[in-house]
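Step one of this worksheet: look at the structure below.
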Amino acid sequence: MEAQDTKGRIIKETFPSEMVSIVGDILAGIILSLLIVTFDSFLLLILIIPALLSLRGNISGPFIARTSRDFIIGEFNKKSWFENVLATFTLSLFTALAIGVFSILINFLLIKLYIFHIGLLIVIPVISIILTLTISIPCSTILNFLAFKRGLDPNNVVNPVMTAIDDFFTVICFYLTIIMLGVP
Amino acid sequence: MLLSNNYYVGGAIRLDYFKKIFKESIIIVLISSILGLFSGTLLSNSQRILSSFPIILLVLPSLNSLIGDISTVLVSRLTSHLYIGTLSPKIQVSDRLKQDFYGLAITILLSLAALISLGYMLGNVFGIEIVNPLLIISILIITILILFVFMFVFLFMGSILIFRKGNDPNNFLIPMITSLADFLTPLFIIIFIQIFVNI
């Protein structure tokens, strides 16, 4: 079947998913352009955002793929889901802490902007990624379940849609976090 | 199979699936996320360019995810072809490879056209200043085309080499390309703006 794939089929299957992804990311871009740019600490904030968006691809993406696979091979149950979620949150915490520590280092070496308490560079990624995952994990699990129940391949459907949802909520949660922490 | 290893020992839950995920992912996820910080440093150091062309900031998350998504599709397709034998594990041009190249190239160009139209439309609606639109569109097209060709060659060769060593290209290449795309996309845009505009 794979051997019969033509360029026409690739375009037909990939382009609509990409459109969903683009719309979600454009919305994320609007929030970025309108809300985050206005902060005095923009130079420091823009340092963390790409790392958080990468985190979405590196952690949420594999979570979705593992859930899809568990549905497809018939291994999906409460326990496997719980361990998958636990691993995703643990990986996120470790990575968010690493992002925070490296941000402090980069600020110390290159940017040298001390507009707020430097410890917030660790707190901001931790809180915003936890908030994002709290939305992303239930959403992607429900989408996986619905796609599977309707006879679709969750691998093809859920990931591009979740790219849009995740990127949008990453920026929203980041904005809420800096507002909550009173970042100037 | 994978999850059947989970069982209770003396009332305590053995988190084998959790441990497996954590062990396999932690290093590559940490490396990829730190690479993401370099993208942030790049943006932070290019504040003058970003404030001169605010539309770039609006379309940047979409551009990053566009090249990332297409690269992910490419790696998973190449991996499937290698496993089912429709692609020979040799670094050579084949009909299968040409179909993937043209199919994904047309998809990425169509998606870019949609992205630019939507970005400019929403930029107008939200009052985001659009400076020198033709130049920015040309820069975005050149950036995406160069990145696509680079990613295609790199991922094709990478998939073949990883597959030859008996490993699954999906596990290593997918987390890596997300961060690589996030770093290279703004880098190329900033380089081209500096080349074409005197900033």
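Keep in mind that this is a model prediction, so the values were computed, not measured. Numbers restart at 1 for each chain; the letters A, B, ... are given by sequence-line order, proteins then strands.
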Check your understanding: Using non-hydrogen atoms only, which part of A:Ile99 is less than 4.5 Å away from chain B: side chain, backbone, both, or neither?
Key -> both

Exercise for review: Give a yes or no on whether B:Leu135 and B:Ile195 share a hydrophobic cluster (residues Ile, Leu, Val, Met, Phe, Trp, Tyr; joining criterion: side-chain heavy atoms under 4.5 Å apart).
Suggested key: yes

Check your understanding: How about A:Phe116: does its CZ atom have over 12 heavy atoms from other parts shown lying under 6.0 Å from it?
Key -> yes

Check your understanding: In terms of hydrophobic clusters joined by side-chain contacts under 4.5 Å, are B:Ile136 and B:Val125 together?
Key -> yes

Review point. Taking all non-hydrogen atoms of both residues, which atom of A:Val23 and which atom of B:Leu118 are closest, and how far apart?
Key: CG2-CD2, 3.8 Å

Check your understanding: Within a reach of under 6.0 Å around CD1 of B:Ile27, are more than 12 heavy atoms found that belong to other residues, nucleotides or ligands?
Key -> no

Point to revise | A:Phe42, CZ: over 12 other non-hydrogen atoms inside 6.0 angstrom | key: yes

Point to revise | Per-residue contact mode, B:Leu60 against chain A (heavy atom under 4.5 angstrom) | key: neither

Revision key, fill the gap. Between the CZ atom in A:Phe94 and the CG atom in B:Leu30, the distance rounded to the nearest 0.5 Å is 8.5 Å

**Study point:** Spacing of A:Ile22 atom CD1 and B:Ile116 atom CD1 [to the nearest 0.5 Å]
**Key:** 10.0 Å

Review point. In terms of heavy-atom contacts, does CZ of B:Phe154 have more than 12 from other residues, nucleotides or ligands at under 6.0 Å?
Key: no

Exercise for review: Decide yes or no for A:Asn84 and B:Phe18: does some side-chain heavy atom of the first lie under 4.5 Å from some side-chain heavy atom of the second?
Suggested key: no

Check your understanding: Any link between A:Leu109 and A:Ile104 through a network of hydrophobic side chains (Ile, Leu, Val, Met, Phe, Trp, Tyr) touching at under 4.5 Å?
Key -> yes

Practice item. Nearest 0.5 Å please: distance from the OG1 atom of A:Thr95 over to the CD1 atom of B:Ile26. Key: 5.0 Å

Point to revise | Top contributor to chain A contacts, counting heavy-atom pairs under 4.5 Å, from B:Asp69, B:Val59, B:Ile70 | key: B:Asp69

Review point. What is the distance from atom OG1 of A:Thr88 to atom CD1 of B:Ile21, rounded to the nearest 0.5 Å?
Key: 6.0 Å

Check your understanding: Taking atom OH of A:Tyr114 as the centre, does the number of heavy atoms from other residues, nucleotides or ligands within less than 6.0 Å exceed 12?
Key -> yes

Review point. Can you tell me how far CE of A:Met19 sits from CG of B:Leu110, rounded to the nearest 0.5 angstrom?
Key: 9.5 Å

Point to revise | chain B contact via A:Ile49 - side chain, backbone, both or neither, heavy atoms under 4.5 Å | key: neither

Check your understanding: Out of curiosity, B:Ser62 OG to A:Asp167 CG, how far, rounded to the nearest 0.5 Å?
Key -> 8.0 Å

Check your understanding: What part of B:Ile56 is in contact with chain A, defined as an atom under 4.5 angstrom from a non-hydrogen atom: side chain, backbone, both or neither?
Key -> neither

Check your understanding: Got a sec: does the CZ of B:Phe183 have more than 12 other heavy atoms crowding it under 6.0 Å?
Key -> yes

